[in-house]
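Report on one structure; see the data block that follows.
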Amino acid sequence: MIGPATRVMVATAPVDFRKGMDGLAALVKERMRADPFSGVVWVFRSRRADRVKLVWWDGTGLCLLSKRLEQGSFRWPRVEDGTMRLSGAQLAALLEGLDWRRVHQARRVAAPLEAH
């Protein structure tokens with residue numbers, strides 16, 4: 001599902017968690033002005049930040065993943081209207097309940113030139 005090339009967008013404001021996949025897809029279209037069927041993974045949070053829902057189109061249908069932490073809360077960006085982008089690695093950390101802000105993109109280092 002989530003690979004290095006996967007585009008992940010986070011809705012920073014809490015949403016009504018009674019919404020299912022269709023309601024969340026409508027939020028993507030209306031509030032974020034984006035296409036919910038583009039393959040982007042959209043991440044939503046509850047008010048208490050102890051639950052998240054992910055919605056994405058996998059090419060054959062709309063998918064919904066929901067997770068609730070038994071203890072603690074998910075680390076979340078400051079609450080405001082809007083979206084922000086995460087990497088696949090940052091999303092994986094978020095879903096584990098870790099501080100995703102500590103996950104950085106791998107840096108590419110050029111191979112050293114061999115002396116002849």
Side-chain angles (χ1 to χ4, degrees):
M1 170 181 106
I2 307 294
T6 303
R7 191 157 176 233
V8 179
M9 297 300 294
V10 175
T12 57
V15 299
D16 179 353
F17 254 53
R18 295 174 290 184
K19 292 185 183 302
M21 67 177 72
D22 294 323
L24 293 173
L27 277 177
V28 169
K29 185 174 184 176
E30 295 163 11
R31 191 183 299 171
M32 283 59 157
R33 302 199 185 287
D35 180 6
F37 305 104
S38 66
V40 172
V41 176
W42 288 90
V43 184
F44 299 92
R45 66 166 280 189
S46 65
R47 292 200 191 283
R48 292 187 307 236
D50 64 337
R51 295 173 287 158
V52 295
K53 285 187 179 180
L54 281 64
V55 174
W56 73 97
W57 175 261
D58 73 352
T60 62
L62 197 57
C63 303
L64 174 70
L65 175 116
S66 181
K67 182 169 183 176
R68 178 186 67 217
L69 289 178
E70 293 302 320
Q71 295 180 357
S73 60
F74 291 99
R75 306 290 182 248
W76 210 258
R78 191 177 70 197
V79 174
E80 56 187 37
D81 284 337
T83 60
M84 65 173 290
R85 189 170 181 174
L86 293 183
S87 69
Q90 288 171 320
L91 176 61
L94 177 107
L95 290 175
E96 289 296 323
L98 303 173
D99 188 349
W100 57 268
R101 296 168 295 188
R102 295 178 179 255
V103 177
H104 301 285
Q105 293 282 11
R107 295 181 209 185
R108 292 190 178 186
V109 179
L113 297 174
E114 291 185 28
H116 288 260

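This structure is a prediction, so every number in the text was calculated from the model and none was measured.
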Within the structure provided, determine whether Trp42 and Thr83 are in side-chain contact (heavy-atom separation under 4.5 Å).
yes
Closest non-hydrogen atoms of Leu94 and Phe74, given as atom of the first, atom of the second and distance, are O-CD2, 3.0 Å
Take Val43 and Met9 through the side chain to side chain contact (heavy atoms under 4.5 Å, CB included) test and state the conclusion after the steps.
CA-CA 6 Å; Val43 184; Met9 297 300 294; over 6 Å; no
Which distance, rounded to the nearest 0.5 Å, do you find between the CH2 of Trp56 and the OG of Ser38?
13.5 Å
pair Val15-Leu24: side-chain heavy atoms closer than 4.5 Å:
yes
Hey, is the main chain of Arg47 close enough, under 3.5 Å, to the side chain of Arg45 for a donor-acceptor pair?
yes
Arg48: partners by salt bridge (Lys or Arg N to Asp or Glu O under 4.0 Å), with sequence neighbours left out:
Asp50
Can you hop from Leu69 to Val10 via hydrophobic side chains spaced under 4.5 Å?
yes
Count I, L, V, M, F, W, Y as connected when their side-chain heavy atoms are under 4.5 Å apart, and connections chain through other members. Are Met32 and Trp57 then in the same cluster?
yes
Does Leu91 reach the side chain of Leu54, with side-chain heavy atoms less than 4.5 Å apart?
yes
Can you list, pair by pair, the side-chain donor-acceptor contacts under 3.5 Å of residues 60-68, counting residues two or more places apart and other chains?
{"residue": "Thr60", "atom": "OG1", "partner": "Asp58", "partner atom": "OD1", "Å": "2.9"}
{"residue": "Lys67", "atom": "NZ", "partner": "Leu95", "partner atom": "O", "Å": "2.6"}
{"residue": "Arg68", "atom": "NE", "partner": "Glu70", "partner atom": "OE2", "Å": "3.4"}
{"residue": "Arg68", "atom": "NH2", "partner": "Glu70", "partner atom": "OE2", "Å": "3.1"}

Those residues at least two apart in sequence (or on a different chain) that pass salt bridge (Lys or Arg N to Asp or Glu O under 4.0 Å) with Arg18 are Asp16
Just wondering, do Met84 and Thr12 contact through their side chains at under 4.5 Å, heavy atoms?
yes
Just so I know, are the side chains of Arg85 and Val40 near enough to count as touching, which here means a heavy-atom distance under 4.5 Å?
no
What are the two closest non-hydrogen atoms of Pro36 and Ala25, and how far apart are they?
CG-O, 3.5 Å
Lys29 vs Asp35, test: side chain to side chain contact (heavy atoms under 4.5 Å, CB included). Steps then yes/no.
CA-CA 6 Å; Lys29 185 174 184 176; Asp35 180 6; over 6 Å; no
Find out whether Phe44 and Val52 are in side-chain contact, i.e. whether some heavy atom of one side chain is under 4.5 Å from a heavy atom of the other.
no
